[in-house]
K.L.:
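The structure's right below; bear with me while I get my questions together.
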Amino acid sequence: MNQYHRISANRLQDGDIDYLALAADGVRGLSPYLPGKPIEELERETGLPADRIVKLASNETPLPPNPRVVEAIVRELPQLTRYPDGSGHRVKRKLRERLGLDPAGITLGNGSNDLLAMIAQAFLAPGRNAVYSQYAFAVYACATRAAGAEGREIAARGWGNDLDAMARAVDADTRVVFLANPNNPTGTWFERGALEDFLARVPARTLVVLDEAYIEYADDPALPDGLLQLPRHPNLVVCRSLCKAYGLAGLRVGYAASSPQIAAILDRVRQPFNVNVLAQAAACAALDDPAYLEEGRRVNRAGLAQLREGLGRLGLAWIPSRTNFVTVDCGRPAGPVYSALLDAGVIVRPLAGYGMPDHLRISVGTQAENARLLAALGRILTTPGPGIAP
Ligand SMILES: *Cc1c(COP(=O)(O)O)cnc(C)c1O
């Protein structure tokens, strides 16, 4: 079983009720989100020991957990029997301290994924639409359709958002535009002027959801900081994550910054205790430690350079990226390459589900992990085998 395997509904027997037919209209056409393969799953499938497996599939930090975060969690353990502070007061205060955000305009999420779902639930419905790009994060389409709204996928330009075409696609029924900068799964980005022009063109009745899950890695001054646009655009919602560069993927924390009015609306659909006790303590500690972030950026810069150099030597092309991953063109169907990498104990992300059958997305790992990936890829691409020949 691999990424391409989809769970099929059990065959219905005579007399069984077809619950799929009873599901909400938008849900019937959905397929489940396909995450990167977990290390434990490959361990079960191949018998390779976990410490021989390299996972470069989910854009997680390659650093070990932040010791300050671990300490904060241990300190918080006696609170496990209590519900969390549903208002997330301490985390919001910390975000004000660190980023100057107005706590009344902050919404906390169980990962930023949770925020995307809240936005869709609060603003999308049948008869309304959301605009997003081809090769955008899969959750945008999923959340839109689950809400029964129409998803308007706009053809990409250079693997990224065609902001001009997206602005033109907005009509009176468009309640949300989803926009990632930089973009996942392609790594592409747009610059400050392009964002400002776009925000000026989209009517105030349409929410612009600017997803900055990778912004901490984008060490390029040409990229805009969405938070700076908030005072001038009451329809802007900036989503950020502590799961990527801050290293809290397993705990799930994200935040949205918006006008207080929009935050109050999201609060109506937010689950009362969506960010758990340990995640809140961890978020405060993580936000308090810029050194961990800096170390992650340093390792990422070095890793990106190492991957570019190695991929270049293998004659492979990649899409330029301002993130912690590179999306590589295998120049042939990537499925067999993906499978051969799994056999070698290296997990990357196939993108056939995104309509990119020749590409693989590779997260930046430690120097040793990147070297393992490059060596395995080199062996696979130079050994003609069944299904791998160009
Ligand atoms: C990873 C990712 C997210 C979700 O992050 P979580 O905080 O882990 O839920 C959102 N948007 C994009 C583009 C991502 O790549």
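Every value quoted in this text rests on a predicted model; they were computed, and no experiment measured them. Whatever order the structure lists ligands and atoms in, that order sets their numbers, starting from 1.
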K.L.:
Going by the atom numbers of ligand 1, which of them fall below 4.0 Å from some non-hydrogen atom of N184?
P.N.:
13 (C), 14 (C), 15 (O)

K.L.:
Looking just at side-chain N and O atoms, do N113 and Y33 make a donor-acceptor pair shorter than 3.5 Å?
P.N.:
no

K.L.:
Going by the atom numbers of ligand 1, which of them fall below 4.0 Å from some non-hydrogen atom of S241?
P.N.:
5 (O), 6 (P), 7 (O)

K.L.:
What's the verdict on salt bridge (charged side-chain N to carboxylate O under 4.0 Å, His left out) for D219 and R301, showing C-alpha distance, side-chain angles and the deciding distance?
P.N.:
CA-CA 9 Å; D219 52 359; R301 266 195 301 276; 2.7 Å; yes

K.L.:
Can you report which non-hydrogen protein atom sits closest to atom 2 (C) of ligand 1, along with the distance?
P.N.:
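Atom 2 (C) of ligand 1 sits closest to the protein heavy atom K244 NZ, 2.5 Å.
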
K.L.:
Give the residue, atom name and distance (to 0.1 Å) of the protein heavy atom nearest atom 4 (C) of ligand 1.
P.N.:
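Answer, as residue, atom name and distance: S112 OG, 3.3 Å.
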
K.L.:
Which of the atoms in ligand 1, numbered in the order shown and given with their element, are less than 4.0 Å from a heavy-atom of Y214?
P.N.:
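Close to Y214: 1 (C), 14 (C), 15 (O).
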
K.L.:
Side chains of D289 and N66: is there a donor and an acceptor less than 3.5 Å apart?
P.N.:
yes

K.L.:
Aromatic rings F178 and Y140: how do their planes relate, parallel, tilted or perpendicular, breaks at 30° and 60°?
P.N.:
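If you compare the ring of F178 with that of Y140, the planes turn out parallel.
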
K.L.:
Against heavy atoms of C243, which atoms of ligand 1 measure under 4.0 Å?
P.N.:
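Reading through ligand 1 atom by atom, the close ones are 6 (P), 7 (O), 8 (O).
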
K.L.:
Check each atom of ligand 1 against the heavy atoms of G111 and keep those under 4.0 Å away; list them by number with element.
P.N.:
6 (P), 7 (O), 9 (O)

K.L.:
Among all protein heavy atoms, pick the one closest to atom 11 (N) of ligand 1 and tell me residue, atom and distance.
P.N.:
D211 OD2, 2.6 Å

K.L.:
For the residue pair Y214 / K244, report whether a side-chain donor-acceptor contact shorter than 3.5 Å exists.
P.N.:
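Yes.
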
K.L.:
Quick test: of every protein heavy atom, which one is nearest to atom 8 (O) of ligand 1, and how far off is it to 0.1 Å?
P.N.:
R252 NH1, 2.8 Å

K.L.:
Which atoms of ligand 1 have any heavy atom of N113 under 4.0 Å away?
P.N.:
9 (O)

K.L.:
Give a yes-or-no answer on whether the side chains of D171 and N129 include a donor-acceptor pair shorter than 3.5 Å.
P.N.:
yes

K.L.:
Determine, for F123 and R175, whether the Lys NZ or Arg CZ falls below 6.0 Å from the six-membered ring centre while staying within 45 degrees of the axis.
P.N.:
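Ring-cation test returns no.
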
